[in-house]
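Counting convention: from 1, in listed order, for ligands and their atoms alike. Here the structure is a predicted model, which is why all the values come from computation and not from measurement. Quick note: residue numbers are just sequence positions, from 1.
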Amino acid sequence: MDHHFVGIPEVTGVPRVAVVIDVMRAFTVAAWAFSRGVERIVLASTESEALALKESHSGWLALKDGAPAAGFDAVNSPGLLRSCDVAGRTLVQKTTAGTVGALAVASAPLVLCASFVVAGPTARFLQTKDSGPVTFVVTGEGGQADEDLACAEYIGQCMAGGDVEAAPYLHRARTSRAAADLAGGLRSGYHPDDVDLCLEIDRFSFAMMARQEESLTVLRPVAVPDIPSSLR
Ligand SMILES: O=C(O)[C@H](CS(=O)(=O)O)OP(=O)(O)O
Ligand SMILES: [Mg+2]
């Protein structure tokens, strides 16, 4: 299938189906948040918008990438988020790449946000929708981030059907610049398990869909049944 792979600066117009990829770390963090019971994630375009949304809605939490900061309840780290008590809460997320990419295509009729931890469910969801060609928004490094490209290509292959070996794609991500930066302590708000947690294939059984709800862009999990091995 003739999928498109674009960086955020190349997003023009409104794609019919967009899959926004951020492996390290926004959409690995989002998936962990849902697995911890977060009800929905509101994607904010700036840190000040994230704080304003939190302040104006009782019980909402705010998360941003980089170092911990006043007013924010969490950072963009799966290793740190996995022990946070967030069940039943609404989380406002603002990061450098992932949330920016999702907001760039927010008006598309179908928008999924993805990383390796939800790659298989994302591909199966698109298959059930008979989605046709997908625009993959490769959020890191202006569309060149190999961890995001590898994940996008893996999802594209899975959509085509058959058994797809994840190992080569995960290897590309493990040897990416982002993985080296994270492991080397160059990114703030970091847990030593972050790289490994970002490279767990299909850890979760849901896809993540972004929709417009009133004036907000809201990400929610969508359960996707596994395919019985007898039917694969
Ligand atoms: O927190 C992250 O890993 C990055 C921050 S940066 O791009 O390295 O400054 O944000 P993300 O949007 O999750 O790629
Ligand atoms: Mg990233």
Side-chain angles (χ1 to χ4, degrees), residues 5-11 18-35 38 41-50 61-69 72-82 84 91-106 111-119 122 136-155 169-170 172-200 203-204 208 210 217 219:
F5 299 83
V6 298
I8 297 171
E10 295 152 357
V11 172
V19 179
V20 188
I21 307 288
D22 195 338
V23 171
M24 296 180 191
R25 294 167 284 178
F27 299 142
T28 301
V29 167
W32 270 95
F34 289 131
S35 81
V38 161
I41 295 176
V42 176
L43 304 177
S45 55
T46 63
E47 291 181 11
S48 51
E49 185 197 5
L61 303 171
L63 177 156
K64 74 169 198 67
D65 60 1
F72 286 89
D73 306 281
V75 291
N76 195 40
S77 158
L80 294 171
L81 193 81
R82 68 185 160 170
C84 289
L91 182 65
V92 185
Q93 186 182 26
K94 160 72 179 93
T95 74
T96 303
T99 58
V100 175
L103 291 169
V105 290
V111 181
L112 301 180
C113 295
S115 61
F116 280 113
V117 295
V118 295
T122 301
F136 286 99
V137 181
V138 176
T139 61
E141 299 170 34
Q144 302 303 309
D146 210 30
E147 76 281 8
D148 294 334
L149 260 179
C151 184
E153 290 170 14
Y154 176 72
I155 292 170
Y169 299 92
L170 293 171
R172 281 170 58 190
R174 188 172 286 286
T175 54
S176 66
R177 183 193 314 197
D181 285 356
L182 276 171
L186 298 185
R187 296 196 190 188
S188 306
Y190 168 71
H191 185 283
D193 291 346
D194 276 0
V195 172
D196 287 341
L197 291 171
C198 290
L199 301 179
E200 289 186 313
R203 164 122 198 177
F204 304 115
M208 300 189 293
T217 302
L219 192 61

task: Quick one: look at Arg187 and ligand 1, take heavy-atom pairs under 4.0 Å, and tell me if it's side chain, backbone, both or neither.
output: side chain
Arg82/Asp193 ion pair, N-O < 4.0 Å: yes
message: Checking a contact table here: which protein heavy atom is nearest atom 5 (C) of ligand 1, and how many Å away?
response: Asp65 OD2, 3.2 Å
message: Show the atoms of ligand 1 that are less than 4.0 angstrom away from any heavy atom in Ala97.
response: 11 (P), 12 (O), 14 (O)
- request: Please work out whether the ring planes of Phe204 and Trp32 are parallel, tilted or perpendicular, with thresholds of 30° and 60°.
  value: perpendicular
- prompt: Below 3.5 angstrom, do we get any N/O pair linking Gly66 and ligand 1?
  reply: no
query: When you check the gap from the basic side-chain N to the acidic O, do Asp196 and Arg174 get nearer than 4.0 Å?
result: yes
field: Any donor-acceptor N/O pair, Asp194 side chain to Gly79 backbone, under 3.5 Å
entry: yes
query: Given atoms O of Met24 and OD1 of Asp22, what angle do they subtend at the Mg ion (ligand 2), to the nearest 10 degrees?
result: 90°
field: Contact atoms of ligand 1, heavy-atom distance to Ala26 under 4.0 Å
entry: 13 (O)
query: Which heavy atom of the protein is the closest neighbour of atom 1 (O) of ligand 1, given with residue, atom name and distance?
result: Asn76 ND2, 2.9 Å
field: Between CD on residue Glu147 and CG on residue Leu182, distance to nearest 0.5 Å
entry: 8.5 Å
- line: Ser115 and Cys151 have their tightest heavy-atom pair at C-SG, 3.5 Å
Separation between CG of Leu43 and OG1 of Thr217, rounded to the nearest 0.5 Å: 6.0 Å
message: Would Leu182 count as being in polar contact with ligand 1, using the rule that some N or O on each side must be under 3.5 angstrom apart?
response: no
Mode of Asp22 contact toward ligand 1 - side chain, backbone, both, neither (heavy atoms, under 4.0 Å): side chain
query: Can you tell me which residue and heavy atom of the protein come closest to atom 7 (O) of ligand 1, and the distance to 0.1 Å?
result: Thr96 CB, 3.6 Å
